[in-house]
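Right, one structure below, let's go through it.
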Amino acid sequence: MRNGFSVSSSSEFVNEIRDDAREALFHYHATACFRPGRGLRAWTRPAILGRIKSARRFALDLADGWQDHPADPQPQEHTPLDLALAAVGVCSLKTAIAGGSARGITFDSIEMVVSAEVQPQEEDFLPTARVRRIAYDITTRSDADAGLIEEVTRQILDRSPNHRTVKDTTELHFHAGERELGWSPTAIPAGTSGGRTVRRHVKWISGTQFESAGLDADGCRLPLRVDEAKQFAGVDWAPNPQEYVVLALAAELASLAAREQEAATGSAGTWSVHAHGLLDLRGLMLVDPAAAVGFQTIGCTVDRPAGLGAAEADRYFRTAVERSALVELLALPHPVEVRLSSDERETLRAAAGR
């Protein structure tokens with residue numbers, strides 16, 4: 001054991017997925033529901049981790065950004081974008097710690113500020129903004145020299161599933177019942193200037209436990225907890241980084257679909273979105289170089305409000321998909337800049353994809 005990670009267990013897992021590829025397929029599930037007058041709520045559902053069914057059940061009340069008084073200077077609920085940035089930051093730090101543990105590094109501490117430069121498409125409304133770039137500012141204190149820390153940091157770029165989901169193109173699918181809805185992601189136009197930056201602090205506690213808190217005056221500063229299932233060295237303290245991704249996407253789409261219905265009809269019904277993300281750990285564990293490190297696919301299925309026709313529901317949901325900040329963030333590749341400081345001295349500036 002080092003830094004709360006069992007290096008021998010990782011080696012055993014590699015052997016298992018070499019023998020049976022099904023052991024490497026991890027399915028993460030979440031549902032989000034928007035109810036008029038009651039707001040936005042999202043929760044995890046049981047995860048399938050190889051051959052293991054893990055009874056994951058964590059629920060979050062979230063800010064929807066349009067019904068929850070977005071001008072509130074200190075909102076008490078996180079937004080879907082908060083969840084997504086925390087997921088990306090924690091996954092990257094976890095990869096660095098796991099890689100460092102395998103190389104004999106003992107971390108005294110490791111933390112990150114993950115920031116997203118966003119271009120709003122509507123004034124002061126982040127759920128339809130476009131993310132232009134992501135940056136990680138990582139600070140480590142350990143017994144390792146700068147060269148080894150730099151090497152471990154590069155692993156973030158190559159082997160962090162959520163980082164690669166943001167950096168690479170990811171396959172997304174959207175359904176209404178059995179029907180798949182056609183859609184086209186819209187990237188931010190080249191050369192667009194202006195915008196704002198959203199930042200979150202990510203702190204490692206121990207082992208697979210992390211916390212992430214907002215840093216901006218107009219964002220939620222309450223911490224989000226992050227952890228793994230007991231089957232994978234966690235204590236079931238909170239959702240894991242991949243679960244936060246599907247939670248965030250389901251929540252944003254449920255909220256935006258309700259907003260589209262209200263804009264068209266004057267009132268919104270109850271919208272539910274079920275999200276499923278598939279991760280193949282053969283890519284992460286370097287067992288199969290053809291396997292993607294990030295999510296293989298992410299799919300969302302919508303349940304339309306009672307009394308709303310299928311054609312109208314499809315139109316509202318498709319518009320929500322096309323306008324969603326998180327759909328664009330996950331589906332299209334984004335530049336990521338990594339800056340590392342070790343013992344208060346900067347040792348690395350690298351742009352992802354160089």
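Note: hydrogens, waters and symmetry copies are ignored here, and every other heavy atom, side chains too, is used.
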Rounded at 0.5 Å granularity, tell me how far CG in Leu224 sits from CD in Glu211.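 Reported value, rounded in 0.5 Å steps: 9.0 Å.
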
Rounded to the nearest 0.5 Å, what separation is found between the CD1 atom of Ile97 and the OG atom of Ser142?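 Here the interatomic distance stands at 11.0 Å.
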
Under 3.5 Å: donor-acceptor pair, side chain of [X], backbone of [Y]:
X	Y	value
Glu252	Leu326	yes
Arg304	Leu308	yes
His334	Val131	yes
Thr44	Phe58	yes
Arg282	Ile17	no
His163	Gly89	no

Partners meeting side chain to side chain donor-acceptor pair (under 3.5 Å) with Asp20 (sequence neighbours left out):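 Partners of Asp20 by the side chain to side chain donor-acceptor pair (under 3.5 Å) criterion, ordered by chain and then number, come out as Arg22, Arg51.
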
Distance under 6.0 Å and angle within 45° of ring axis: Arg259 vs Phe125: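 Yes.
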
Would His29 and His274 count as a close aromatic pair, with their ring centres under 6.0 Å?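 When the ring centroids of His29 and His274 are compared, they turn out to be at least 6.0 Å apart.
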
Side chains of Arg130 and Gln121: does their closest heavy-atom pair fall under 4.5 Å?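 The answer is yes, as the side chains (C-beta and beyond) meet within the 4.5 Å cut-off.
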
Pairing residues for His201 by the ring pair (Phe, Tyr, Trp, His ring centres under 6.0 Å) criterion, not counting sequence neighbours: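 His201 satisfies ring pair (Phe, Tyr, Trp, His ring centres under 6.0 Å) with no residue once adjacent residues are dropped.
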
Identify the two heavy atoms, one from His175 and one from Glu178, that lie closest to each other, and give their separation to 0.1 Å.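 Reported closest heavy-atom pair: CD2-O, 4.3 Å.
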
